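Predicted, not measured: the structure shown is a model, and the values here were computed from it. Every number for a ligand or one of its atoms is a count from 1 in the order of the listing.
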Amino acid sequence: MSLPDGFLWGAATAAYQIEGAADEDGRAPSIWDTFSRTPGKTLNGDTGDVATDHYHRWREDVAAMADLGISAYRFSISWPRVMPGGTVNRKGVDFYSRLVDALLDNGIAPVATLYHWDLPQELEDAGGWPERSTAFRFAEYAVQMGKALGDRVHTWTTLNEPWCSAFLGYAAGVHAPGRTDPVAALTAAHHLNLAHGLASRALREEAVPSALHSITLNLHHLRGEPEAVRRVGAVSNRVFLDPLTGRGYPADLLDDTAALTDWAFVRDGDEKTAAAPLDVLGVNYYSPTLVRTWDGVSPRANADGHKQGAATPFVGCEGIDFLDQPGPHTAMGWPVDATGLEEMLLGLRRDRPGLPLMITENGAAFADEPGPDGRIRDRDRIAYLRDHLAAMRRAIEAGGVDVRGYFAWSLLDNFEWAYGYDRRFGLIHVDYATGERRWKDSAHFYKDAISRGGDPP
Ligand code: GBH
C-alpha cells in the first residue's frame, strides 16, 4: 500500500518561536513580546527576542529542509512584522517573500499560517480577540498577505489552534495575553471563528483563488466517561469544528455555558460567515486526553493547564476531572499514545465525511541524549515519530481516511511558549548561545522515512 499522490512530507515552525529580530525592520510588539517580558510568565523569564535567529539564518534553514527532503514547509507570518500599526511594512513582507521564493527554488511547497498566536499588541490594547473589530482587522491583514505572496503559497491557513488563543490566552491565562476571564474566552473563540470566515473568504475571493484554504485545530482526542467527553468536547472541539463546517454552535455548549453568557456576541449571519469553504482541515495531534465526571470525593486529578487552584481553560466544565494515563510521557508530561492519532483520524472521517485532512503538527519534547561521538541520540523522539507515522498509515490505508500531508513539529528546537527554551521539540538541535544547528538522530530518521515514502527502516 502507498500514500496518495502528492502527499506532503513536511516540517513546521511558527514565527515567534523561531524568528527573533523582535525589534528589527519595523516590527511592532505582539502580545507574546509583552507577555514573555513580564516577570513570572515564562520559564526562566525566556523571551522570543532572539529565539533561533531564523530571521537572519533562514537561508541555512531552507538548505537544511532541502537536505531533509521535505516537500512542504509550514511556517507562520508575524502579523506585527508585516502590518505594524495596521499598515503594510515592506521590509517585513520582503522577508517572507524571499523565504517563499527560496522554498520554491528548492521544490518545497510553502504552507503559510497567518496567525500563530502573535496578535499585534496595539490590537490587544483595543480589546484583543474578545473585541469584534479584531476579526475584521485580521481579514484586512489576510488580504494584504494574499496580494503580496499570492499563489506562490500552496496552502493558506488562517489560524493555528484557536483553542489555545481563546482558552489558554483569555481563560487559563497561561498564554498571552494572560487574562483569566471565561466569558472573554468564549467571546474570543467566537471572534476567532468569525475572523477565520472573513479572512478565508476574502483571501479566496479577492487575492488567491487558486491556492488551498485551511485552518488548523488542536482537536482534543478525548477518552473516558461519555458525559465528560461530551462536555469537554463541546468547549474544546465542537466550539470550532461545528461553526467552521456549517453546523453553527452546538446546542449543548450553549446550555453548558448558559450561567456565564447568553452568547449575544454571536450576531445574525456570523455562523454562516464562519463556515467558509475549507479545502483541507489541519489537525495537530500530540496526545489523548482522559476525562471523567468528578465524584466529589476522590482527590481531584490534573491536566496541563488545569491544575488545582489555577484558572481552567475548560470553561463550563467544572466537575470534570482530567486524569493522567499510565505509560510513557514526554518532557511536557504528555502521554505517548499513537493509537489516539489513528482514532482521531477515523473519528473525523466518520463525523465529517468528505473533509480532507492534513496533520499539520505532530512531535514530542524529550531531553537530549548526547552521544560520545557528538551525535544527539534522541531515541524517544524517533520511537514517537515511528509509532505516529505507523498510526497515520493505518488510518489512511486500512481506514480510508483522506490525509493529504504530515508535518513534524518541529524543524528546529525553539521557544516553547510558557516553557521557554527548556523544552526541545526539534529534529534539529539549536545551541542557543551560538545559534549553531546540529541534526539530531531523529532528523536522519525522518529523512530516511521520507525517502522511503513514509515507511521507515
Ligand atoms: C502546539 O500547541 C503549538 O501549535 C506549537 O506552537 C507548540 O510549540 C507545540 O504544540 C508544542 O507545544 O490538558 O487537555 O489542555 C499544542 C498545545 C498541547 C494544548 C496539549 C493542549 C494538553 C491538552 N496543546 N495540551 S489539555
- Any N or O of N414 closer than 3.5 Å to N or O of ligand 1: no

- Item | N or O pair under 3.5 Å between W117 and ligand 1 | no

- Message: Angle between ring planes, F95 versus H54, binned at 30° and 60°: parallel, tilted or perpendicular?
- Response: perpendicular

- Are any side-chain N or O atoms of S71 and backbone N or O atoms of W9, one a donor and one an acceptor, separated by less than 3.5 Å? yes

- Would you check whether W163 has a nitrogen or oxygen atom less than 3.5 angstrom from a nitrogen or oxygen atom of ligand 1? no

- Check ligand 1 against W417 and write out every atom of the ligand that is under 4.0 Å from a heavy-atom position of the residue. 5 (C), 6 (O), 7 (C), 8 (O)

- Query: What are the two closest non-hydrogen atoms of A418 and V174, and how far apart are they?
  - Reply: CB-O, 3.7 Å

- Message: Check the orientation of W163 and H220. Use parallel for under 30°, tilted for 30 to 60°, and perpendicular for over 60°.
- Response: perpendicular

- Nearest non-hydrogen contact to atom 9 (C) of ligand 1 from the set Y286, F415, W334 belongs to Y286

- Give a yes/no verdict on whether any heavy atom in F322 is under 4.0 Å from an atom of ligand 1. no

- Note on the structure: In short, R424 meets R381 closest at the heavy-atom pair O-NH2, 2.7 Å

- Any atoms of ligand 1 less than 4.0 Å from a non-hydrogen atom of H116? List them with their elements. 3 (C), 4 (O), 5 (C), 6 (O)

- Note on the structure: Closest non-hydrogen contact found for N106 with A102 is ND2-O, 2.8 Å

- Within the distance-only criterion (no hydrogens, no angle test), does the side chain of D378 pair as donor or acceptor with the backbone N or O of S442 below 3.5 angstrom? yes

- Near T289 (heavy-atom distance under 4.0 Å), the atoms of ligand 1 are 14 (O)

- Note on the structure: In ligand 1, the atoms that come under 4.0 Å of a heavy atom of N160 are 4 (O)

